[in-house]
Number of protein chains: 2
Amino acid sequence: MLKRGVPRIVDPEARRSAVVDALFRVVRRDGVEQASLRNVAEEAGLAIGSVRHYFDSHDELLVFALRELEDRVEVRMRAGAERIFAADSSAERRPLVEALLGELLPLDADRHDEAVIWLAFVTAARTRPSLRPSALRLHEGLRMVVGRILAGAARLGALPEGVAVDVETERLAALVDGLAVNAVLQPDRTTPEVMVAVLSRHLDDLAG
Amino acid sequence: MLKRGVPRIVDPEARRSAVVDALFRVVRRDGVEQASLRNVAEEAGLAIGSVRHYFDSHDELLVFALRELEDRVEVRMRAGAERIFAADSSAERRPLVEALLGELLPLDADRHDEAVIWLAFVTAARTRPSLRPSALRLHEGLRMVVGRILAGAARLGALPEGVAVDVETERLAALVDGLAVNAVLQPDRTTPEVMVAVLSRHLDDLAG
DNA sequence: CCCTTTTTAGCATGGCCGTGCTAATTTAAG
DNA sequence: CTTAAATTAGCACGGCCATGCTAAAAAGGG
């Protein structure tokens with residue numbers, strides 16, 4: 001282990017992260033199809049060669065970026081989910097559930113941007129094999145969270161008898177996805193107020 | 001009106017339609033970003049010059065194609081909606097409503113393809129201004145249909161008292177959109193059986 | 001046969017793309 | 001200062017793109 005000259009000028013992880021942030025801005029503004037190395041490099045204020053030093057190919061950059069998006073979502077999910085399972089009465093849980101699912105909806109500007117990027121990537125994943133694993137994990141992750149919440153509610157007797165938890169999981173997950181998609185594509189029509197009202201109504205409905 | 005020589009070799013409308021069909025196949029297979037004039041012409045078995053004779057620009061082709069998609073959806077909606085409003089008891093209406101909304105879900109191969117194309121176009125519309133009018137009409141069209149169905153149901157007393165029809169409209173529309181998006185992006189997980197079960201469950205829920 | 005129009009075909013230009021490649025520059029340890 | 005490694009920068013190639021433009025081919029009324 002004898003390196004005779006090692007410049008550690010900058011944390012490479014931070015650089016990669018900065019590039020990914022620039023890519024997210026481009027995707028948010030102009031879509032995945034405009035996220036070329038050139039456009040991303042310009043957005044990041046770097047030369048194209050610099051970007052390519054951290055990512056061997058365009059595809060690798062996209063894959064890495066989508067993983068980063070995965071991480072962000074997962075972190076928010078984990079935090080909210082732990083709070084829910086810490087509460088033991090269904091009365092305590094209800095507002096926490098609403099908060100957690102609200103976390104998945106584009107209710108503020110930051111999460112709206114995130115939803116835009118999410119939709120851009122998962123739709124792109126349909127025709128880009130390298131993105132499919134991450135897209136699938138995001139899909140399953142939502143169902144996992146929703147499924148756990150509903151199973152927990154059923155265990156606490158917060159759901160009416162005879163409710164099929166698997167069907168309700170798909171229903172609630174599809175509803176959340178649908179609201180997010182609508183908010184991304186028609187933000188003027190699907191406002192945060194509408195989304196909150198719909199979600200709240202659905203949870204009331206589930207409680208019987 | 002004296003044209004001294006008029007070759008009417010082929011119905012230009014039919015040609016335009018054939019080009020649009022080819023474009024739909026390309027979009028279905030590889031996404032909107034691959035629907036270049038070259039790829040579409042090849043898929044249609046025409047020279048690129050021929051395609052350009054019927055569509056002055058690439059953008060015009062995309063706009064025209066999305067309008068055609070609009071028309072197809074609207075035709076199916078109108079037929080189903082008329083049948084519903086012809087029925088006057090809520091017991092008669094229920095299966096018709098389920099059929100109409102089922103018409104919007106990708107339950108068979110043809111409608112799956114149509115849903116794939118629909119999602120590709122409406123997401124593309126986010127960053128392509130020329131597609132936005134059609135995308136907005138599709139969005140509003142669904143809400144119009146769902147809103148009329150629910151308002152009719154309320155009039156017939158098929159909904160519980162105190163139900164907010166506007167919120168329920170958004171909820172059902174978002175659910176249908178969400179199911180369609182999931183079926184397009186993760187067809188292995190969101191099967192026709194799952195979609196039917198979810199839709200049926202939701203309609204039961206609405207009836208109280 | 002002629003002539004006008006539709007239709008098909010193709011060329012050329014300028015632009016953006018990813019990527020292979022080389023080289024300049026910077027950094028800090030020896 | 002020297003030097004190896006990390007980083008930044010940039011060139012060049014081949015490919016695909018939309019589009020302006022020209023022109024060949026087909027078709028049927030006169």
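In what follows, chains carry the letters A, B, and so on, assigned in the order in which the sequence lines appear, proteins first and then strands, with residues in each chain numbered from 1.
Relative to the side chain of A:R38, the nucleotides C:dT19, D:dA9, D:dT19 differ in distance, and C:dT19 lies closest. When the nucleotides C:dG18, C:dC21, D:dC17 are ranked by their closest atom to the side chain of B:S36, D:dC17 comes out on top. Nearest nucleotide to the A:Y54 side chain, out of C:dG20, D:dT19, D:dT8: D:dT8. For A:H58, counting side-chain heavy atoms from C-beta on, the closest listed nucleotide (C:dG18, D:dT19, D:dT8) is C:dG18. In the set C:dG20, C:dT8, D:dA9, the nucleotide with an atom closest to the side chain of B:R15 is C:dT8. Closest contact between the side chain of B:N39 and the listed nucleotides D:dT8, D:dA18, D:dC17 involves D:dC17.
Base contact: B:H53 has a heavy atom under 4.0 Å from a base atom. Among the protein residues, B:D56 comes within range of no part of the nucleic acid, since none of its heavy atoms lies under 4.0 Å from any strand.
As rounded to whole Å, 17 Å separates atom C1' of D:dA6 from atom CZ of A:R52. Atom pair B:L37:CG and C:dG10:C1' shows a separation of 15 Å (rounding to whole Å applied). Per the geometry, CD belonging to B:Q34 stands 11 Å off C1' belonging to D:dC17, to the nearest Å.
By the 30° and 60° cut-offs, the orientation of the rings of A:H202 relative to B:H202 is parallel.
The shortest distance between side-chain heavy atoms of B:L104 and B:L100 does not fall below 4.5 Å.
For the pair B:F121 and B:V32, the tightest heavy-atom approach, listed with the atom from each and the gap, is N-CG2, 4.2 Å.
Remark: the backbone N or O of A:G102 is paired with a side-chain donor or acceptor of A:R111 at under 3.5 angstrom.
Contact annotation: B:S50 does not reach the phosphate of C:dT7 (side-chain N/O to OP1 or OP2, under 4.0 Å).
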